[in-house]
Amino acid sequence: MPTKDDGAAVWDLIHQIDNLDLNSSYSYLLWCDMFSETSIIVEEEGEVVGFISGFIHPNKPNTLFVWQVAVDTSQRGKGLATRMLFKLLERKQLAEIQFVEATVTPSNLPSQYLFMGLAKKLNTECVVGNYYTSVDFPRTGHEDEQLYKIGPIPRENNK
C-alpha cells in the first residue's frame with residue numbers, strides 16, 4: 001500500500017510516462033495518503049516502478065474504479081500491471097468488489113489489452129462502452145474515454 005511519503009515518487013513516475021495525464025503533485029500525495037487501501041505501489045531497488053490508483057465507486061460499493069495504471073519502461077512486458085490488479089483484488093478490504101471499471105482512450109492499446117486480459121484471466125466479461133467524449137473536456141485535443149467494465153468477478157467466499 002502506498003503512503004503519503006510515496007506521493008512525490010509516484011508523481012515522478014507518471015511524469016515520465018507520455019500517455020498518462022499528469023495531475024498535480026498534491027493529488028498524488030493525497031491519493032497515496034487517503035486512497036492507499038484501493039491503490040498499489042511497486043518498488044524495485046528503492047525506486048517506484050509501478051502504481052495503480054483506484055477507489056471504490058461512491059455510487060457502486062461493489063465496484064473498484066481504476067483511475068491510473070503506471071508501469072516504468074524498465075518493467076513493461078513483464079505482466080506487472082496485471083499482477084498489481086490481482087494483488088489489489090486479493091486485499092481483504094476489497095473482498096466485496098464484484099466489478100472493476102476504468103476509462104481508456106482508443107489510442108491506449110496497452111490499457112485496452114490489460115483490462116480485456118484481466119477479464120479473460122478472471123473468466124468473466126469485459127463490456128466496453130462510451131463514457132466521456134472529447135467535448136466533455138475543457139480543452140480540445142483530449143480523446144474520448146471509453147468505459148471498460150470487468151465482471152462479475154468470481155469470488156470463492158461469495159458463492
Side-chain angles (χ1 to χ4, degrees), residues 1-2 6-7 9-25 27-28 30-32 34-44 47-60 62-91 94 97-154:
M1 278 192 244
D6 296 313
V10 167
W11 184 89
D12 283 337
L13 174 66
I14 306 289
H15 184 258
Q16 296 171 23
I17 300 173
D18 291 334
N19 66 339
L20 287 179
D21 290 336
L22 180 65
N23 297 287
S24 72
S25 57
S27 71
Y28 294 105
L30 187 94
W31 206 273
C32 289
M34 295 188 181
F35 294 95
S36 62
E37 289 186 351
T38 53
S39 300
I40 191 166
I41 191 169
V42 175
E43 293 180 342
E44 184 176 87
E47 298 291 320
V48 174
V49 296
F51 177 68
I52 293 179
S53 53
F55 60 88
I56 296 175
H57 195 296
N59 298 323
K60 303 176 204 171
N62 66 347
T63 301
L64 174 68
F65 186 90
V66 174
W67 178 44
Q68 283 188 311
V69 176
V71 175
D72 186 80
T73 55
S74 69
Q75 301 299 313
R76 295 204 182 136
K78 299 178 181 180
L80 180 60
T82 300
R83 288 195 311 272
M84 287 191 294
L85 285 170
F86 273 100
K87 285 293 184 188
L88 272 174
L89 292 172
E90 289 172 5
R91 288 185 181 165
L94 301 180
I97 295 300
Q98 296 176 348
F99 297 92
V100 173
E101 291 184 349
T103 61
V104 179
T105 59
S107 68
N108 190 342
L109 295 178
S111 287
Q112 292 174 37
Y113 296 145
L114 171 65
F115 292 112
M116 288 186 292
L118 177 66
K120 186 175 182 177
K121 287 177 176 86
L122 290 170
N123 196 29
T124 193
E125 295 183 47
C126 179
V127 178
V128 180
N130 295 327
Y131 202 68
Y132 295 123
T133 66
S134 60
V135 297
D136 292 326
F137 294 92
R139 295 186 181 103
T140 60
H142 198 292
E143 288 183 84
D144 292 348
E145 294 270 353
Q146 295 178 306
L147 182 67
Y148 281 62
K149 182 173 185 171
I150 295 101
I153 297 171

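Residues Val42 and Met84 have side chains in contact (heavy-atom distance under 4.5 Å, counting atoms from C-beta outward). Contact check for Leu20 versus Ile17: side-chain heavy atoms found under the 4.5 Å cut-off. Side chains of Phe65 and Thr38 form no contact here, defined as non-hydrogen atoms less than 4.5 Å apart.
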Margin query: Under the criterion side chain to side chain contact (heavy atoms under 4.5 Å, CB included), I'd like the reasoning laid out for Leu94 against Ile56: C-alpha separation, chi angles, the key distance, then a yes or no.
Written below: CA-CA 9 Å; Leu94 301 180; Ile56 296 175; 3.9 Å; yes
Margin query: Pair Gln98, Thr63 - check side chain to side chain contact (heavy atoms under 4.5 Å, CB included), show working.
Written below: CA-CA 6 Å; Gln98 296 176 348; Thr63 301; over 6 Å; no
Note to self: Run Trp67 and Asn23 through side chain to side chain contact (heavy atoms under 4.5 Å, CB included) and show every step you take.
What the structure shows: CA-CA 12 Å; Trp67 178 44; Asn23 297 287; 3.1 Å; yes
Item checked: Test log, rule side chain to side chain contact (heavy atoms under 4.5 Å, CB included), inputs Asp21 and His142 -> CA-CA 10 Å; Asp21 290 336; His142 198 292; 3.2 Å; yes
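Residue-environment remark: CZ (Phe99) exceeds the threshold of 12 foreign heavy atoms within 6.0 Å. Residue Asn130 qualifies as open at atom CG: its count of foreign heavy atoms under 6.0 Å is 12 or below. Heavy-atom neighbours of Tyr113 OH from other residues, nucleotides or ligands within 6.0 Å: at or below the threshold of 12.
Of all non-hydrogen atoms in Phe115 and Ala102, the two that sit nearest each other are CZ-CB, 3.5 Å. Closest approach of Glu143 to Phe137, counting heavy atoms only: O-CE1, 3.7 Å. The minimum heavy-atom distance between Pro2 and Ser39, with the atom names listed, is CD-O, 3.5 Å. Residues Ser27 and Ser24 share a closest heavy-atom pair of OG-O, 2.6 Å. Across every non-hydrogen atom of Val69 and Ala81, the tightest pair is CG1-CB, 3.9 Å. Residues Val10 and Val48 share a closest heavy-atom pair of CG2-CG1, 4.5 Å.
Of the candidates Val66, Val104, Leu114, Tyr148 forms a side chain to side chain contact (heavy atoms under 4.5 Å, CB included) with just one, namely Val104. Results of the side chain to side chain contact (heavy atoms under 4.5 Å, CB included) test with Thr124 over Ile150, Val100, Leu118 single out Ile150 as the only residue that passes. Considering Leu64, Leu89, Asn62 in turn, Leu89 is the only one that fulfils the side chain to side chain contact (heavy atoms under 4.5 Å, CB included) rule with Ile153.
There is a side-chain donor-acceptor pair under 3.5 Å between Gln68 and Tyr28.
Remark: the backbone N or O of Ser74 is paired with a side-chain donor or acceptor of Lys78 at under 3.5 angstrom. Between the Glu43 side chain and the Val49 main chain, no donor and acceptor come within less than 3.5 Å of each other. With hydrogens and angles disregarded, no donor-acceptor distance shorter than 3.5 Å links the side chain of Thr103 to the backbone of Glu145. With hydrogens and angles disregarded, a donor-acceptor distance shorter than 3.5 Å links the side chain of Asp136 to the backbone of Thr133. With hydrogens and angles ignored, the 3.5 Å screen pairs no side-chain donor or acceptor of Glu125 with any backbone N or O of Lys149.
Using bins of under 30°, 30° to 60° and over 60° for the plane-to-plane angle, the ring pair Phe55/Trp31 lands in the perpendicular bin.
One distance of note links OG of Ser107 with CG of Asp144; it measures 10.5 Å at 0.5 Å rounding. Distance CG/Asp6 to OG/Ser36: 9.5 Å, rounded to 0.5 Å.
Salt bridge status for Glu101 with Lys60: present, with a side-chain N to carboxylate O gap under 4.0 Å.
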